[in-house]
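Just below is one structure, and these are the notes that go with it.
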Amino acid sequence: MLNLIRMKNISLLIVDDHPVVLEGMKALLQDNEQVLVKGSCYDGKSALHFLENTAVDVVLLDINLPDMSGMELCKEIKRLYPQIHVIGISNYNERSMITKMLQNGANGYVLKNAGAKEIVESITSVMSRKVYFSPEVQQALFEAALHDTFELPKLTRREQEVLKYIAEGKTTHEIGELLFISPHTVETHRKNLMQKFDVSNAAALIRVATQYHLI
Amino acid sequence: MHIVQEEGHTQEKLQALYDLSDYWLYIDSAKSMDFALQAYQIGKQLNDKFVTAVAHYYIAGVYMEHADLETAKMQFNKALTLLKDNKTIAGKRYQARIWHNLGAIEQRQDNDAGFLALLIEKACPILESIGDSVLLANNYYDIGNVFFGINQYDKALQYFKNAIQLLTNQQEYADAVECRLGIVKTLIYQEHYTDSVRINMKAYLDEAYQLLKGHPQAFSWLSYFTVNGLYFQYVTKQTDEALHMYDQGLAFLKDRQEPYRDVDLMNRKYYLYADRGDWVNAQKMAEYVYHETGKQGLSHDKLVALRNLVDVEEALHHRDRAFRLLKQYVALSDTVRNQQLDVKLNLIEKKYEAEKKEKQILQLKTDNQLKTASLKYNTAMLTFTGSGLVCLSALLILAFLLYKNKTRLVEKQQQLHQEQVRLLKKEQQINFFNAMLQGQEQERKRLASDLHDGLGGLLSNIKLLLSKDCPVEKTEEGKTRHELILSRLDKAVDELRRIARNLMPETLLHFGLVTALRDFCEDLERSGVHIALQTYGFTLDDNRDRQMMVYRILQELINNAVKHAEAKNILVQCIQNDDRVFITVEDDGCGFDSGKEVKGIGLHNVKNRVAYLNGHLDIQSQPGVGTTINVEFNTHEEYLPTYS
């Protein structure tokens, strides 16, 4: 019972420069039993000013603001008021944006095409100390995580040819003649290959390439 | 040493001091100076003008070796003042030497005209009057060399030949060798390789060799190797033999403390490699020469070194460096040209010739005065006509030279003007293209933010409104339709997001190129294609304009691979080595015949953008295998596009 009473009083600040979105959010949450919209701001400066005088539990924060980026504002809010939960709302679902918000202390990230239920869910989630992501956001993060696993450097067709000839002990000049390219270009490929495999000489290059069955 | 400490024989002691000063000059200049000062003290004690003057001469020598040219000049002038009234042979010989050295100082200060003037007007007349053929030959050799240096080969040959004649039956061999080699060198530069000239050159080379044979340590071997190398390289076209000669020369120099002397040989090797098309070796040579000439003050050498390096860098496609060096070259050559050397040199030479003729005429006149009076009239007439003719011809030559110089100047100015017009046009073209691109980017940015803020806001508001209220229709059918509307709305927002991102990659502005590319690729991968993005050292120096340019190029290329080539796997590779950037986009799509002209607005845009970066675009495609597109450019390249 006690718990329920507390939940009814989640105070909220909405920061979004788009009046239609702002009004929509307000209208949506007005007759919500748990959330109380304490205020709304159009830009970062007025949001910080508002927070100086009024305490809130959650800030719904648009990433695109006219005076500063939402990512910067998020960092600033978390620095000044660590107890406030910040949820980013944005049209962008790029991983870099999401990660930057999380690095700057955001507790959730919701896309702007979220439905009413989702918005409310995100607010209650962060209040119970969980993070919340829209399903699309979760997918973006998940796919990215899959890619970050260790992967062998891929070689272009030309690089495969050059590597093969290097392994056969051919000189730069000979390789150039075989592939109809200038010795200078061969040198560039050789340099790039060594950079890719993070080795400093041709012998190490051949060793690593053999190890990975590239030749 | 022994003699120096002995009292008494002042003359011997002085000679010993001079010799010691000479000996130490190139080994320990402090000691050399010490001995010269001792001689000076003696001169002061004896109140002997000649001894003091000679001491000044040696002191000046030390300063000269130390490259303190102004002090050296002052000391030489003191010596000259003291020797002014000295009519002895020794005194005159020193005067000639001093004039010669004053000339050498002028030459070191890039004033060839001054050097020539002092040799011809001061040193040579003195030496002629005292009949010192060895020293005179030495001066003739120097004069020949200056004329050679300014491409006046006939005069150079004349002076070399005169010097050889003076040196016949003399002990002195070094100058005799150098003059012969000078003749061969001049003949090579004249480039008229008739059979008789070839025989001549070979004969002179053999004579030089015979003279040198008994002196294995003689420094003239260096000239011999150089000139013989030239002979092989240009006259008989035996490049391997030429290379062998140059290398022998370099080996000869190796054990000797002779900085800068190797530059000539290295430069020779440069030309040889360049003629062979071996640009890698040529570059090594050119770099060395450029580096060494940079330390010295001789602007002619610097010009040559710069010119060669420009050629090398052009041949190796290092266009930005070639262009920067070319700018340096142009600036330096302007300075050199302004000295208008050729005109001055010619005037001085003409003056000397005229003076000599006048002297001869005067001599004739006095001789004839002793003879019969009847001849006197004729002689006077002859003298008058003679001098008249001399003056007339001198005037004509002068007028011709002035005319030639003027036309050349006008031509140069016209060329310069045309070049300026061309550059301006190009610049205008670039500015136009630049403005167009910038306008395009701005417009895209505006559109993207309109989409996001305007349409995006509205759509999300609609979604909120629709999702908040339960469907009006309570039927199952009504609910499904409501769900359908909501999901279509999501699709619409997705589409909007995609369009806006294509218009302006927001992440590029916030996080830079690599992140933006990664986001772009990750997004495309959701459509099922596999993209491997590999970047190494790829920063583009945080230049946002350039990053945007590259992003657009890659966006286009990757989109092409997905849409037109229907590739399953795409490899995107961006490597930056210092200021050189290599980009490869490779796919396993359907490919096309790379021999045919590729149409389509997309690739045309790529071409223009690559041209804007002044880069190279290379497309390799084979039906059934796939397409590889390479883009290569330099981050410090100036925008000088050659786009269509």
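Naming: A, B, ... by sequence-line order, numbering from 1 per chain.
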Sidechain N-carboxylate O distance under 4.0 Å for [X], [Y]:
X	Y	answer
B:R501	A:E94	yes
A:R95	B:E525	no
B:D494	B:R498	no
A:E72	A:K75	no
A:D16	A:K112	yes

Contact part of [X] toward chain B, heavy-atom cut-off under 4.5 Å: side chain, backbone, both or neither?
X	value
A:S182	neither
A:K191	side chain
A:A140	both
A:N91	both
A:N93	both
A:E187	neither
A:L22	neither

Please classify the contact between [X] and chain A as side chain, backbone, both or neither, with a heavy-atom cut-off of under 4.5 Å.
X	result
B:F511	side chain
B:Q283	neither
B:N569	neither
B:F582	side chain
B:V625	both
B:E506	both
B:H510	side chain
B:L458	both

(message) side chain to side chain donor-acceptor pair (under 3.5 Å) for B:T628 and A:R158? Distances and angles first, verdict last.
(response) CA-CA 9 Å; B:T628 305; A:R158 190 33 60 80; over 6 Å; no
(message) Contact between B:L509 and B:M504 at the side-chain level, heavy atoms closer than 4.5 Å - yes or no?
(response)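 Contact flag for B:L509/B:M504 side chains = yes.
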(message) Is there a side-chain contact between A:L60 and A:I119 in this structure, where contact means two heavy atoms from C-beta onward sitting under 4.5 Å apart?
(response) yes
I'd like to verify something: which residue of [options] has the highest number of heavy-atom pairs under 4.5 Å with chain B?
options	answer
A:I89, A:T156, A:T188	A:T156
A:N64, A:D62, A:L111, A:V120	A:L111
A:R157, A:M71, A:H18	A:R157

(request) Step by step, work out the side chain to side chain donor-acceptor pair (under 3.5 Å) result for B:R544 and B:Q547. (result) CA-CA 5 Å; B:R544 281 283 186 270; B:Q547 289 190 345; 2.9 Å; yes
(request) Heavy atoms only, distances under 4.5 angstrom: which of B:K463, B:E586, B:E632 has the most pairs with chain A? Name it, please. (result)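 It is B:E586.
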(request) Name the member of B:D490, B:T515, B:T584, B:V280 that forms the most heavy-atom pairs with chain A at distances under 4.5 Å. (result) B:D490
(request) Name all pairs fulfilling the salt bridge (Lys or Arg N to Asp or Glu O under 4.0 Å) condition that reach into residues 202-212 of chain A, sequence neighbours left out, sorted by first residue then second. (result)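 Non-adjacent pairs meeting salt bridge (Lys or Arg N to Asp or Glu O under 4.0 Å): zero.
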(request) Measure the acute angle between the ring planes of B:H616 and B:H317, then classify it against the limits of 30° and 60° as parallel, tilted or perpendicular. (result) perpendicular
(message) Would you say A:N192 and B:N577 are linked by a side-chain donor-acceptor pair, where the criterion is simply a distance under 3.5 Å?
(response)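 Side-chain D/A pair, B:N577 to A:N192: present.
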